[in-house]
Amino acid sequence: MGMTELHGKVAVVTGGSSGIGLATVELLLEAGAAVALCGRSAERLQQAEAGLRQRFPQARLLTATCDVLAPAQVQAFADAVQAELGPVSILVNNAGQGRVSTFADTSDEAWSEELRLKFFSVIYPTRAFLPQLQRMSATHGDAAIVCVNSLLAEQPEPHMVATSAARAGVHNLVRSLATEFATGAAPRVRVNGILIGLVESGQWRRRFDARGPELQGQDWRQWTADLAARKNIQLGRLGLPQEAARAIVFLATPLSSYTTGCHIDVSGGLSRHA
């Protein structure tokens with residue numbers, strides 16, 4: 001994809017201050033897009049913005065603290081993006097990390113919290129930005145939503161029962177939204193997702209730092225290679241945030257103009273499905 005492929009386009013990335021979200025922001029800026037990113041932590045957003053402005057001094061960039069589970073905040077963010085950058089043609093819904101729990105130890109409150117997080121972190125931004133996406137589709141021919149999901153949607157883990165169930169629901173939601181947004185009188189908006197496996201993150205770094213004394217001799221590469229072997233990841237390592245981001249950018253741009261309602265597997269061969 002050429003550096004100016006997205007020149008003049010506006011993209012939004014929720015959860016954009018670290019990990020896969022931040023890697024996606026960087027790729028979109030490299031491709032010439034104006035980018036708005038949001039997150040809950042003002043401190044993390046400031047760090048991300050400082051780094052981005054250093055790397056991309058000419059970029060049109062907007063950062064905002066926003067809780068994607070607060071619809072009024074999401075709508076205010078959508079209004080601010082349109083006012084400052086213009087109408088959006090790309091929305092990346094990047095939901096939060098998973099919850100480790102079994103059926104036996106997941107309380108009603110934990111179920112409600114996890115289901116609400118996974119569904120409404122997609123529903124509220126999609127609702128707020130859809131009019132802008134439809135307008136851009138009508139005038140420029142392509143607008144897209146990409147949802148960052150997990151392989152748990154197809155391959156649940158018993159120790160992540162609530163997250164697995166919620167991820168499966170979002171997988172289904174992507175398919176439903178893709179159908180609805182491609183039919184009827186309104187301009188078409190494509191909706192796709194990615195299914196990530198084990199991707200390097202702060203969560204995995206913390207587990208590495210907390211490894212037992214018997215593993216203290218192992219460096220990060222050895223430790224993650226052993227983890228990949230235990231998990232039967234065929235490529236023998238964890239994924240990089242940039243690798244997930246590349247799949248997101250493919251689905252977000254006209255590179256995938258004839259693709260909607262689908263998911264790209266970015267799991268290094270962890271998937272046991274054909």
Original post:
So, for L227 and W204, which heavy atoms are closest and what is the spacing to 0.1 Å?
Top reply: CD2-CZ3, 3.5 Å
**OP:** Decide yes or no on side chain to side chain contact (heavy atoms under 4.5 Å, CB included) for Y124 and V68, but give the supporting numbers first.
**Re:** CA-CA 7 Å; Y124 288 145; V68 290; 5.8 Å; no
Subject >> Close side-chain approach of Q155 and L270, heavy atoms under 4.5 Å >> reply: yes
Subject >> salt bridge (charged side-chain N to carboxylate O under 4.0 Å, His left out): pairs with one or both residues in residues 172-185, sequence neighbours excluded >> reply: none
Original post:
Can you pull the salt bridge (charged side-chain N to carboxylate O under 4.0 Å, His left out) pairs that have at least one residue in residues 133-150, sequence neighbours excluded?
Top reply: D142-R190
**OP:** Take E49 and T63 through the test side chain to side chain donor-acceptor pair (under 3.5 Å) and record every step on the way to the result.
**Re:** CA-CA 7 Å; E49 182 174 3; T63 63; 2.8 Å; yes
Original post:
Among all residues two or more places apart in sequence or in another chain, which pass the side chain to side chain donor-acceptor pair (under 3.5 Å) test with T224?
Top reply: none
**OP:** Considering only NZ, NE, NH1 and NH2 on the basic side and carboxylate oxygens on the acidic side, decide whether E154 and R272 come within less than 4.0 Å.
**Re:** no
Subject >> W220: ring-ring contact (aromatic ring centres under 6.0 Å, His included) partners, not counting sequence neighbours >> reply: F208, W223
**OP:** Report the residue from I264, N149, V148 that forms a side-chain contact (heavy atoms from CB on, under 4.5 Å) with L195.
**Re:** N149
**OP:** Could you state whether L255 and L6 fall into the same hydrophobic cluster, counting links through intermediate Ile, Leu, Val, Met, Phe, Trp or Tyr residues with side-chain heavy atoms under 4.5 angstrom apart?
**Re:** yes
Original post:
Counting N and O atoms only, with roles assigned by atom type, does the side chain of E5 sit under 3.5 Å from a partner on the main chain of P254, one being a donor and the other an acceptor?
Top reply: no
Original post:
At what distance, to the nearest 0.5 angstrom, does OG of S17 lie from CG of L52?
Top reply: 10.0 Å
Subject >> side chain to side chain donor-acceptor pair (under 3.5 Å) against R207, all qualifying residues, sequence neighbours excluded >> reply: none
**OP:** Report yes or no: does N192 contribute a side-chain atom to a donor-acceptor pair with the main-chain N or O of V146 at less than 3.5 Å?
**Re:** no
Original post:
What's the shortest heavy-atom distance between R44 and S18, and which atoms?
Top reply: NH1-OG, 3.5 Å
Original post:
Which distance, rounded to the nearest 0.5 Å, do you find between the CD of Q242 and the CD of E200?
Top reply: 8.5 Å
Subject >> Minimal non-hydrogen separation, D265 against S271, with atom names >> reply: OD2-CB, 3.0 Å
**OP:** For residues E113 and R99, determine if any side-chain heavy atom of one lies less than 4.5 Å from a side-chain heavy atom of the other.
**Re:** yes
**OP:** Taking the side chain as every heavy atom from C-beta outward, state whether L61 and F56 have any pair of such atoms under 4.5 Å apart.
**Re:** no
Subject >> Atom CZ of R188 with >12 non-hydrogen neighbours under 6.0 angstrom >> reply: no
List, one per line, each side-chain donor-acceptor pair under 3.5 Å for residues 69-83, sequence neighbours excluded.
residue : atom : partner : partner atom : Å
Q73     : OE1  : D67     : N            : 2.8
Q75     : NE2  : D79     : OD1          : 3.0
Q82     : OE1  : Q132    : NE2          : 3.4

**OP:** State, to 0.1 Å, how close A143 and S137 come at their nearest heavy-atom pair, and which atoms those are.
**Re:** CB-CB, 3.9 Å
Original post:
Any link between L62 and L133 through a network of hydrophobic side chains (Ile, Leu, Val, Met, Phe, Trp, Tyr) touching at under 4.5 Å?
Top reply: yes
**OP:** Check whether V92 and F181 end up in the same hydrophobic cluster, where Ile, Leu, Val, Met, Phe, Trp and Tyr are linked by side-chain heavy atoms less than 4.5 Å apart.
**Re:** no
**OP:** Report yes if the side chains of L152 and T163 come closer than 4.5 Å at any heavy-atom pair, otherwise no.
**Re:** yes
Subject >> Side-chain touch D226/Q218, heavy atoms, less than 4.5 angstrom >> reply: yes
Original post:
For R237, does the CZ atom have more than 12 heavy-atom neighbours from other residues, nucleotides or ligands under 6.0 Å away?
Top reply: yes
Original post:
Do V249 and L28 have side chains that get closer than 4.5 Å, going by heavy atoms?
Top reply: yes
**OP:** Without swapping roles, check the side chain of S256 against the backbone of T259 for a donor-acceptor pair under 3.5 Å.
**Re:** no
Original post:
How far does NZ of K118 sit from OG of S164, to the nearest 0.5 angstrom?
Top reply: 10.0 Å
Original post:
Which atom names give the shortest non-hydrogen contact between I194 and H263, and what distance separates them?
Top reply: N-CD2, 4.1 Å
Subject >> Same cluster (ILVMFWY, side-chain, under 4.5 Å), V35 and V12 >> reply: no
Original post:
Of all residues at least two apart in sequence or in a different chain, which pass the salt bridge (charged side-chain N to carboxylate O under 4.0 Å, His left out) check with R60?
Top reply: none
Original post:
Roughly how far apart are L177 CG and C147 SG, rounded to 0.5 Å?
Top reply: 7.0 Å
Original post:
Excluding sequence neighbours, so at least two apart, what forms side chain to side chain donor-acceptor pair (under 3.5 Å) with D105?
Top reply: T102
Subject >> Main-chain N/O of I20 paired with N94 side-chain donor or acceptor, under 3.5 Å >> reply: no
Original post:
Does a side-chain heavy-atom distance below 4.5 Å link S267 with I196?
Top reply: no
Original post:
Around H140, counting heavy atoms of other residues, nucleotides and ligands shown, do more than 12 lie under 6.0 Å from its NE2?
Top reply: no
Original post:
Can you list the residues that meet the side chain to side chain donor-acceptor pair (under 3.5 Å) rule with T106, with sequence neighbours excluded?
Top reply: S101
Original post:
Are L173 and I123 close enough that some pair of their side-chain heavy atoms sits under 4.5 Å apart?
Top reply: yes
Original post:
side-chain contact (heavy atoms from CB on, under 4.5 Å) with V189: which of L91, T260, L130?
Top reply: L130
Subject >> G236 to A228 - nearest heavy-atom pair and separation >> reply: C-CB, 3.5 Å
**OP:** Could you list all the side-chain hydrogen bond (donor to acceptor under 3.5 Å, both in side chains) pairs where at least one residue sits in residues 83-93, not counting sequence neighbours?
**Re:** N93-T126
Original post:
Of all residues at least two apart in sequence or in a different chain, which pass the salt bridge (charged side-chain N to carboxylate O under 4.0 Å, His left out) check with R55?
Top reply: E26, E30
Original post:
Would you say L251 and V170 are hydrophobically clustered, going by side-chain heavy atoms of ILVMFWY under 4.5 Å?
Top reply: no
**OP:** For R221, enumerate each residue passing the side-chain contact (heavy atoms from CB on, under 4.5 Å) test, keeping only those at least two apart in sequence or located in another chain.
**Re:** D219
